[in-house]
Amino acid sequence: MTMQPFAYERAASVEDAIAGLARVGGDATHTRPLAGGTDLLTLMKADVFAPARLIDVKRAAGLDSGIAATDGGVTVGALATLADLERHPLLVGPYLALAEAAGSAASPQLRNVATVGGNLLQRPRCWYFRNPRTPCWLKGGDGCPARDGENQHHAIFDTRRDDRPCVAVHPSDPAAALLALDAEVTLRGPGGERTLPLAAFFASPTDERRLETTLLPDELLLSIRLPAPPPGARSVYRKAMDRKVWAFALVGVAARVNLDGGRIADARLILSGVANVPRRATAAEAVLDGAAPDDELFARAADAALADAAPLSRNAYKVPLAKALIRGALADAAGMGT
Ligand SMILES: Cc1cc2nc3c(=O)[nH]c(=O)nc-3n(C[C@H](O)[C@H](O)[C@H](O)COP(=O)(O)OP(=O)(O)OC[C@H]3O[C@@H](n4cnc5c(N)ncnc54)[C@H](O)[C@@H]3O)c2cc1C
Ligand code: SF4
């Protein structure tokens with residue numbers, strides 16, 4: 001395996017970087033923005049991905065790492081590192097899930113370098129995808145060797161759909177937490193800025209777009225906004241790993257709960273490690289909304305969340321694991337944990 005030669009330039013501003021990305025007609029394989037490099041450079045070193053040019057955006061004016069209170073909510077710059085998120089004084093109470101998710105990711109050294117923007121845009125950890133000698137659909141080929149192969153870490157939802165050949169899971173922990181907090185992302189491309197719900201930023205790969213996001217090749221992610229939370233809301237992130245540290249989620253659960261008159265109002269429950277993109281458990285949220293919290297309710301919500309699961313040959317263990325994690329996360333978010 002050899003890393004292909006590439007050109008490197010440093011963008012002075014967001015406008016510079018976007019002009020650089022657009023210069024090659026937005027060809028996603030030609031020029032890519034570089035942030036912390038912890039995913040992009042790994043893929044390049046493995047010769048899985050070989051852009052001809054990298055545009056370093058870490059010092060681009062208009063892109064920052066700030067985490068600030070704005071209009072009752074919180075705005076996070078795309079360059080904020082996972083370490084910044086893990087220990088920021090604003091990310092407590094209703095926003096705690098984000099700090100917990102960031103703190104559960106990777107290792108302390110990586111968290112000092114890895115940005116939240118790059119985290120949302122990292123590619124799957126599927127071992128076939130990351131092996132340059134294995135062709136697969138997500139890399140532009142035809143089939144998915146994971147479907148009948150080593151699929152222990154793969155998806156348990158949408159695994160039988162002809163329009164979704166890929167069964168890799170999205171590797172981000174912060175993504176699930178941000179979705180539970182109703183985050184929005186602001187993107188900028190040659191035509192200007194657009195803001196969209198994070199839920200619309202993620203999308204399962206299709207034949208035409210073999211990527212996990214709807215970010216266009218000549219757009220930059222500028223910032224993430226967390227709106228004002230419902231009064232009294234608390235959120236948590238819980239993660240099951242095959243070792244205690246430095247491991248991706250086998251399953252992750254982000255839960256946000258607020259109680260109104262002793263009943264749950266407007267719950268959010270997002271699962272990571274189970275589908276191409278983080279999965280909102282809307283059926284479980286419907287079970288929770290308006291109900292008085294107790295263990296029996298949390299168990300019913302967990303059953304509802306997993307009702308549509310269709311595990312692959314080697315990952316049925318994820319179903320009971322996810323249910324247990326959901327029950328614990330909901331109890332903790334409702335302040336009833338042990
Ligand atoms: C050993 C290891 C363990 C890990 N464990 C976990 C884990 O447990 N949980 C978890 O969530 N993550 C984990 N990660 C992933 C890690 O968090 C990501 O690699 C990191 O956050 C990516 O950020 P970066 O700044 O390094 O991005 P880069 O590697 O620089 O970029 C990643 C992608 O994002 C694009 N990009 C970056 N910033 C922007 C922007 N502002 N606008 C547009 N495009 C952009 C790049 O072009 C590239 O395509 C792990 C990584 C490693 C190497
Ligand atoms: S799960 Fe997706 S990334 Fe992995 S081999 Fe199949 S198509 Fe490729």
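When a ligand or atom number is given, it counts from 1 through the structure's own listing order.
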>> Please confirm whether Ser107 approaches ligand 1 to less than 4.0 Å, judged on its heavy atoms.
In response: no
(message) So for Met241, does at least one of its heavy atoms come nearer than 4.0 angstrom to any atom of ligand 1?
(response) no
Within the 4.0 Å heavy-atom shell around [X], which atoms of ligand 2 are there?
X	value
Cys136	3 (S), 5 (S), 7 (S), 8 (Fe)
Tyr128	5 (S)
Cys166	1 (S), 2 (Fe), 3 (S), 7 (S)

Check this for me - ligand 1, [X], N or O atoms closer than 3.5 angstrom, yes or no?
X	value
Ala105	no
Asn119	yes
Ala114	no
Leu34	no
Asp39	yes
Glu219	no
Arg125	no
Leu40	yes
Thr115	yes

What is the closest protein heavy atom to [atom], and at what distance does it sit?
atom	result
atom 1 (C) of ligand 1	Trp246 NE1, 3.0 Å
atom 15 (C) of ligand 1	Gln122 OE1, 3.1 Å
atom 11 (O) of ligand 1	Asp173 N, 2.9 Å
atom 30 (O) of ligand 1	Gly37 N, 2.7 Å
atom 38 (N) of ligand 1	Ala35 CB, 3.7 Å
atom 7 (S) of ligand 2	Leu138 N, 3.6 Å
atom 4 (Fe) of ligand 2	Cys126 SG, 2.3 Å
atom 50 (C) of ligand 1	Phe248 CZ, 3.3 Å
atom 6 (Fe) of ligand 2	Cys144 SG, 2.3 Å
atom 47 (O) of ligand 1	Pro33 O, 2.5 Å
atom 27 (O) of ligand 1	Gly118 CA, 3.4 Å
atom 3 (S) of ligand 2	Phe129 CB, 3.5 Å

Nearest heavy-atom contact between Ala305 and Phe157 is O-CZ, 3.4 Å
Here the pair of heavy atoms bringing Ile55 nearest to Ala11 is CG2-CB, 3.7 Å
Salt bridge check: are [X] and [Y] linked by an N-O gap of less than 4.0 Å?
X	Y	result
Glu100	Arg238	yes
Arg164	Asp207	no
Glu184	Arg225	no
Arg256	Asp266	yes
Arg123	Asp39	no

Where the side chain of Arg210 meets the backbone of Gly141, is there a donor-acceptor pair that is under 3.5 Å apart? yes
* Just by distance, do the side chain of Asp84 and the backbone of Thr81 share a donor-acceptor pair under 3.5 Å? -> yes
On a heavy-atom basis, I'd like to know which of [options] is closest to [atom].
atom	options	value
atom 24 (P) of ligand 1	Ala175, Ala80, Gly36, Pro217	Gly36
atom 2 (C) of ligand 1	Leu110, Thr81, Thr38, Leu221	Leu110
atom 45 (C) of ligand 1	Leu121, Leu211, Leu216, Val113	Leu121

Does a sphere of radius 6.0 Å around [atom1] in [X] hold more than 12 heavy atoms from other residues, nucleotides or ligands, not counting ones at 6.0 Å or beyond?
X	atom1	value
Asp294	CG	yes
Asp163	CG	yes
Arg194	CZ	yes
Asn112	CG	yes

Give the numbers and elements of all ligand 1 atoms closer than 4.0 Å to a heavy atom of [X].
X	value
Pro174	11 (O)
Ser172	11 (O)
Ala247	8 (O)
Lys239	7 (C), 8 (O)
Pro171	9 (N), 10 (C), 11 (O)
Ala106	3 (C), 4 (C), 5 (N), 6 (C), 7 (C), 8 (O), 50 (C)
Leu82	17 (O)

* Do any of the N/O/S atoms of His154, backbone or side chain, fall under 2.8 Å from atom 4 (Fe) of ligand 2? -> no
Stepwise side chain to side chain donor-acceptor pair (under 3.5 Å) test for Thr195 and Thr186:
CA-CA 4 Å; Thr195 294; Thr186 297; 2.9 Å; yes
Task: Cation over ring face, Arg327 and Phe298, 6.0 Å, 45° - done: no
Has Pro145 got any heavy atom lying under 4.0 angstrom from an atom of ligand 2?
-> yes
Only residue of His153, Glu150, His154 satisfying side-chain hydrogen bond (donor to acceptor under 3.5 Å, both in side chains) with Arg314 is Glu150
